[in-house]
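Here's the structure, in structure tokens; my notes come after.
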Amino acid sequence: MVNFRLDGKVALVTGASYGIGFAMAKALADAGATIVFNDINQEFVDRGLNSYKQAGIQAHGYVCDVTDEDAVNRFIAQVTEKIGVIDILVNNAGIIKRIPMHEMTAAEFRQVIDIDLNGPFIVSKAVIPHMIKKGHGKIINICSMMSELGRETVSAYAAAKGGLKMLTRNICSEYGEHNIQCNGIGPGYIATPQTAPLRERQADGSRHPFDSFIVAKTPAARWGTPEDLMGPVVFLASDASNFVNGHILYVDGGILAYIGKQP
Ligand code: NAP
Ligand code: GCO
């Protein structure tokens, strides 16, 4: 019997007050995991706790900025003492800045790299020693189609997500012998607050050109939803994927395989 259950497991999903992180955390909870999440301020943590409560989930929420190594180390120590060793880490927290590269400041570039790449490094580094002691662990990095492709205005994001793909492969390489599996999920274009600007209706009520572009480029002919990521994250968090390591699972409706519909 293939085991997709997560009963008795502690799962940390970073930046999971809403959006993709919330949906993945709900899926992990539905499979039996105890949910821990963080956000950068108490208002979002409280909002997230309320959302989990409404979904029937007794989650544990903490204020923690994934780029602050001291804060992350205190956060992980507190969770480990009060709730238990983190068995499953989903590095989900992330931002994007859409600015033409020649207009982007180095500080803006660094901020995206800091949150989207340094953050997963810092949090993974904090949980791996506990996973080694426990004899197992699952690390799931939320990559992107921009781990594979570039496009105008997202240079920092693509650099970060490309780096996150290789960090995933390196954690796999360095810690596989400790029964730690590190994989990535590469969502396609998903309807969340992060992509809301790309889907805004035009003044005349027509669809945003980028919205139409993505639908034409996606074999599924639709944007993804956070719910589309629920099954993949349970698979990678469960014993069902114990021999899957260093893999980026693209959940993109087929967009990476398709040249796009002829206009
Ligand atoms: P989102 O709606 O913008 O949510 C991002 C979450 O990360 C928010 O809860 C945010 O908290 C949190 N966060 C940001 N900076 C943080 C920090 N320094 N420390 C802790 N938490 C922080 O994004 P999403 O669309 O759900 O995306 C989630 C992940 O999927 C991201 O890594 C994104 O790059 C990736 N992704 C998204 C798509 C898509 O199409 N939506 C596709 C591929 C990959 P605040 O609200 O407090 O800022
Ligand atoms: C963008 C989008 C994408 C998605 C996602 C695609 O501006 O192109 O925000 O980057 O967020 O990462 O996989």
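Atoms within a ligand are numbered from 1 in the order they appear, just like the ligands themselves. Residues: numbered from 1 along the sequence shown.
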Quiz item: Of the choices Gly94, Cys143, Ala196, which has the non-hydrogen atom that lies closest to atom 44 (C) of ligand 1?
Solution: Cys143
Quiz item: Is Asp116 touching ligand 1 with its side chain, its backbone, both, or neither, if touching means heavy atoms under 4.0 Å apart?
Solution: neither
Quiz prompt | Sub-3.5 Å N/O-N/O distance, Gly188 and ligand 2 | solution = yes
Self-check item: Proximity to ligand 2 by part of Asp252, non-hydrogen separation under 4.0 Å
Solution: neither
Quiz prompt | ILVMFWY network linking Val127 to Ile185, side-chain heavy atoms under 4.5 angstrom | solution = no
Quiz item: Looking only at N/O atoms, are Ser144 and ligand 1 under 3.5 Å apart anywhere?
Solution: no
Self-check item: Minimum non-hydrogen distance to atom 13 (N) of ligand 1, winning option of Ala93, Gly19, Ala16
Solution: Ala93
Quiz item: Would you say Phe44 and ligand 1 have an N/O pair spaced under 3.5 Å apart?
Solution: no
Practice problem: Please write down residue, atom name and distance for the protein heavy atom closest to atom 5 (C) of ligand 2. | Solution: Ser144 OG, 3.6 Å
Self-check item: Heteroatom distance test (Gly15, ligand 1): nitrogen or oxygen, under 3.5 angstrom
Solution: yes
Quiz item: Got the closest protein heavy atom to atom 9 (O) of ligand 2, with its distance?
Solution: Arg98 NH2, 2.7 Å
Quiz item: Touching ligand 1 at all, Lys161? Heavy atoms, strictly under 4.0 Å?
Solution: yes
Self-check item: Check: Thr192 side chain, Gln194 main-chain N or O, donor-acceptor pair, under 3.5 Å
Solution: yes
Quiz item: At a 4.0 Å threshold, what atoms of ligand 1 neighbour a non-hydrogen atom of Thr192?
Solution: 24 (P), 25 (O), 41 (N)
Quiz prompt | Which of the ligand 1 atoms, numbered from 1, are nearer than 4.0 Å to a heavy atom of Pro193 | solution = 2 (O)
Practice problem: Tell me, please: is Trp223 in heavy-atom contact with ligand 1, that is, under 4.0 Å? | Solution: no
Self-check item: Side-chain (Asn245) to main-chain (Cys182) donor-acceptor, under 3.5 angstrom
Solution: yes
Quiz prompt | For atom 10 (O) of ligand 2, closest protein heavy-atom neighbour | solution = Tyr157 CE2, 3.2 Å
Self-check item: Residue part near ligand 2, for Thr153, under 4.0 Å between non-hydrogen atoms
Solution: neither
Quiz item: Do Arg98 and Leu198 have side chains that get closer than 4.5 Å, going by heavy atoms?
Solution: yes
Quiz item: Are the side chain of Asn3 and the backbone N or O of Arg5 linked by a donor-acceptor pair below 3.5 Å?
Solution: yes
Quiz item: Cys64 near ligand 1, heavy-atom distance under 4.0 Å?
Solution: yes
Quiz prompt | Under 4.0 Å to a heavy atom of Arg151 - the qualifying atoms of ligand 2, by number | solution = 1 (C), 7 (O), 8 (O)
Exercise. Check each atom of ligand 1 against the heavy atoms of Asp65 and keep those under 4.0 Å away; list them by number with element.
Key: 17 (C), 18 (N), 19 (N)
Quiz item: Taking the non-hydrogen atoms of Gly224, is any one of them nearer than 4.0 angstrom to ligand 1?
Solution: no
Practice problem: Measure from atom 36 (N) of ligand 1 to every heavy atom in Tyr189, Tyr157, Tyr62, Tyr18 and give the option owning the shortest one. | Solution: Tyr157
Quiz item: Under a heavy-atom criterion of less than 4.0 Å, does Thr14 contact ligand 1?
Solution: no
Practice problem: Considering the heavy atoms of Thr195, write down every atom of ligand 1 situated less than 4.0 Å from one of them. | Solution: 39 (C), 40 (O), 41 (N)
Quiz item: Which atoms from ligand 2 have a heavy atom of Met145 less than 4.0 Å away?
Solution: 13 (O)
Quiz prompt | Heteroatom distance test (Phe210, ligand 2): nitrogen or oxygen, under 3.5 angstrom | solution = no
Self-check item: Where ligand 1 meets Asn38 - atom numbers and elements under 4.0 angstrom, heavy-atom basis
Solution: 20 (C)
Exercise. Using atom types as modelled and distance alone, determine if a side-chain donor or acceptor of Gln202 lies under 3.5 Å from a backbone N or O of Glu200.
Key: yes
Exercise. May I ask whether Gly188 places a heavy atom under 4.0 Å from ligand 1?
Key: yes
Practice problem: Around atom 48 (O) of ligand 1, find the nearest protein heavy atom and jot down its residue, atom name and distance. | Solution: Ile40 CD1, 3.8 Å
Quiz item: Which ligand 1 atoms are under 4.0 Å away from a heavy-atom of Ile95?
Solution: 14 (C), 15 (N)
Self-check item: Within reach of ligand 2, part of Lys161 (heavy-atom separation under 4.0 Å)
Solution: neither
Quiz item: Looking only at N/O atoms, are Gly21 and ligand 1 under 3.5 Å apart anywhere?
Solution: no
Quiz item: Nearest to atom 30 (O) of ligand 1 by heavy atom, Ile142, Val123, Val63: which?
Solution: Ile142
